[in-house]
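As structure tokens, the structure follows; a few thoughts come after it.
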Amino acid sequence: MIKYLLLSLCLAGSAFAQGTVARTDSGSIDGAHYRILFPENWKGKLVMYAHGYEFMGAKPRQSQNPQFLNNMKPFLERGFAVAASDYRHQGFAIPQGVDDTEALRQYFLKTYGKPDTTFMVGHSMGGGVALATLENFGQHYLGGLPLCPFSSRPYLQTRKEFDMYSTFNGLFPGIATPLAELFDVSKPYQAQPMQAMMPKAMAIRKAIVAKDSALAVAFARRFDLQLDDLPMSLFFNENVLRDIAQKANGNPYDNTNTVYSGFPNDLDVNRKAERLAATVNPTGLFGKYDRTGNINKPVVLMHTLYDQLIPPTYGVTNFENMVHQQGKDQFFTVKYTNGRGHCNFTPQQTGKAFDELRRWVKTGVKAKAGFVE
């Protein structure tokens, strides 16, 4: 599974079918590079697309990544143009993603006219951008397709990564970076390169299994992970937490009052967990476009049954409860696949979910929740 995620994040997929893209438009809006793809015989249909989390300094950016073309194939083959922003900065960028996507949509209208059909689509953190866009700019869209999305409230979803580090460092000291170091903004920050993921993850796995393999398995299960994915998750989350520390200019989390549970020995965990008090107000980073569940257009959310970065509780259930609390169940349908990994969908599954969303919009008959082959 570690190898799968490394490949999915780093490598381009199979060769993109020639002739699907007839022309492109690329440039920059307020410092955010963008790319617009037009299929042959385009007839006014548009997908606004939001990409997922990128490590600070990672290259290539989405607009230059060949895999972007492959990921957009299900939409291009259905006659949709695709417009996507790189966002003004990498790392945690949901507010910037929403604003830069809206700026690009406005540019598209001024340059090419108003499309007769517009949908919002996004993967991973981009799924969070898609949902926030629909919550705040939904009047411009017929519906949305968030895929394996960052759909919980951003503070709560990233707090999960903080708690994983807190408890891991208590039970397995000296293996991962201490939280106190991750949130020390006086030290220079540089994201670890993706190329370092495999060797570091393997070293972490060797160390935790040598210390207590049974505890390692139980710890991974507590965070909805398989053991083989725990080291990779720690590597990925370290970059996320370092990035958040820099953007917030401090620590927005506080676990001094937290009581942890769900471990083989909860007393031991709570006595040993690394504790930090917050040094900054979390609303400074997470307040803008915070998740509400207040949707007013059809949304088909698709998720895998196993996701090592955004488990279904955070990708589906938390948002489902917010939608229900808002009284907006009539606008929300969940599809799931038996995929094993983050955003591990086939192009056919993405196409099927998108077709069901379009059919819902066209007929007014809500798409049925359930399994996608």
Side-chain angles (χ1 to χ4, degrees), residues 27-36 46-54 56 61-63 68 71-72 75 81-110 114-115 118-158 240 243-244 246-248 252 282-301 310 314-315 318-319 322-323 326 328 331-332 343 357:
S28 180
I29 301 173
D30 296 329
H33 292 283
Y34 69 84
R35 193 172 186 184
I36 304 174
L46 175 65
V47 162
M48 296 298 301
Y49 177 76
H51 71 76
Y53 189 92
E54 294 177 340
M56 296 296 292
R61 297 297 301 272
Q62 173 185 249
S63 61
F68 170 61
N71 290 339
M72 297 304 101
F75 313 112
V82 177
S85 172
D86 281 350
Y87 317 151
R88 277 163 283 175
H89 63 66
Q90 295 172 298
F92 177 78
I94 287 181
Q96 291 73 29
V98 173
D99 288 339
D100 293 338
T101 298
E102 174 58 15
L104 179 57
R105 189 194 65 81
Q106 293 181 19
Y107 164 81
F108 190 100
L109 264 63
K110 292 177 182 177
K114 184 178 180 180
T118 305
F119 289 98
M120 184 70 222
V121 179
H123 282 90
S124 194
M125 185 185 73
V129 171
L131 289 172
T133 296
L134 293 167
E135 288 172 342
N136 293 277
F137 299 96
Q139 68 271 25
H140 304 305
Y141 296 88
L142 294 180
L145 180 66
L147 301 163
C148 47
F150 189 121
S151 67
S152 297
R153 296 185 65 188
Y155 172 83
L156 293 178
Q157 187 143 344
T158 56
V240 171
D243 171 53
I244 286 172
Q246 296 298 316
K247 286 187 170 70
T283 58
L285 182 61
F286 300 120
K288 187 176 184 181
Y289 302 132
D290 198 0
R291 188 72 65 248
T292 65
N294 188 19
I295 54 174
N296 294 288
K297 296 293 176 64
V299 171
V300 172
L301 185 157
I310 306 178
Y314 290 87
N318 291 346
F319 185 69
M322 284 187 278
V323 170
Q326 293 279 1
K328 300 299 179 69
F331 297 116
F332 187 58
C343 299
L357 173 63

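Checked by atom type and distance alone, the side chain of R88 never pairs as donor or acceptor with a backbone atom of A32 at under 3.5 Å. Without hydrogens or angle criteria, T158 side chain to Y155 main chain gives a donor-acceptor distance under 3.5 Å. The closest donor-acceptor contact from the side chain of Q157 to the backbone of S152 lies under 3.5 Å.
Here the closest non-hydrogen pair linking L285 and A248 is CD2-CB, 4.1 Å. Between I244 and P252, the closest heavy-atom pair is CG2-CG, 3.9 Å. Between F119 and G144, the closest heavy-atom pair is CD2-N, 4.5 Å. Nearest heavy-atom pair across P115 and L109 is CD-CD1, 3.8 Å. Nearest heavy atom pair, residue S85 against residue H51, reads O-CD2, 3.3 Å. Between T101 and G97, the shortest heavy-atom contact is OG1-O, 2.7 Å.
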Full working for side chain to side chain contact (heavy atoms under 4.5 Å, CB included) between L104 and I36: CA-CA 9 Å; L104 179 57; I36 304 174; 4.2 Å; yes
Going through the checks in order, is the side chain to side chain contact (heavy atoms under 4.5 Å, CB included) test met by V47 and M120? CA-CA 6 Å; V47 162; M120 184 70 222; over 6 Å; no
Step-by-step ring-ring contact (aromatic ring centres under 6.0 Å, His included) determination, F319 to Y314: CA-CA 8 Å; F319 185 69; Y314 290 87; over 10 Å; no
Can Y34 and D100 be said to form a side chain to side chain donor-acceptor pair (under 3.5 Å), step by step? CA-CA 9 Å; Y34 69 84; D100 293 338; over 6 Å; no
Should F137 and V98 be marked as a side chain to side chain contact (heavy atoms under 4.5 Å, CB included) after you check the CA-CA gap, both sets of side-chain angles, and the distance that decides it? CA-CA 9 Å; F137 299 96; V98 173; 3.6 Å; yes
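The aromatic ring centroids of Y87 and H33 lie 6.0 Å or more from each other. Here the two rings, on H123 and Y49, have centers that are under 6.0 Å apart.
P149 has its side chain out of reach of I310: every pair of non-hydrogen atoms, C-beta onward, lies at least 4.5 Å apart. Looking only at side-chain heavy atoms (C-beta outward), V121 and F75 come within less than 4.5 Å of each other. Considering only heavy atoms from C-beta on, Y141 stays 4.5 Å or farther from V299 through its side chain. Annotation: side chain of N294 is in contact with side chain of K328 (closest heavy-atom distance under 4.5 Å). When side chains are defined from C-beta on, Y53 counts as touching D243, because their heavy atoms get closer than 4.5 Å. Contact check for K247 versus M56: side-chain heavy atoms found under the 4.5 Å cut-off. Side-chain contact between S151 and N318 is absent, with no heavy-atom pair separated by less than 4.5 Å. For the pair V82 and F68, the minimum side-chain heavy-atom distance is below 4.5 Å.
Surrounding CZ of R153 are at most 12 heavy atoms belonging to other residues, nucleotides or ligands under 6.0 Å away. Under a cut-off of 6.0 angstrom, the local environment of CG in N296 is crowded, with over 12 non-hydrogen atoms contributed by other residues, nucleotides or ligands.
With rounding to the nearest 0.5 angstrom, the CE atom of M322 is 6.5 Å from the CZ atom of R291. Expressed to the nearest 0.5 Å, how far SG of C148 lies from CE of M125 amounts to 12.0 Å. Separating the CD1 atom in I295 from the CG atom in L131 is a distance of 7.5 Å, to the nearest 0.5 Å. Distance check, rounded to the nearest 0.5 Å: NZ of K297 to CG of L357 gives 11.5 Å. Note: I29 CD1 to D86 CG = 11.0 Å, rounded to the nearest 0.5 Å. We find the CG-NZ distance between L46 and K114 to be 12.0 Å, quoted to the nearest 0.5 Å.
Between F150 and F92, the ring planes lie tilted relative to each other; the angle falls in the 30° to 60° range.
A side-chain donor-acceptor contact under 3.5 Å links Y289 and D99. Side-chain atoms of H140 and R105 form a donor-acceptor pair, as typed in the model, at a separation below 3.5 Å.
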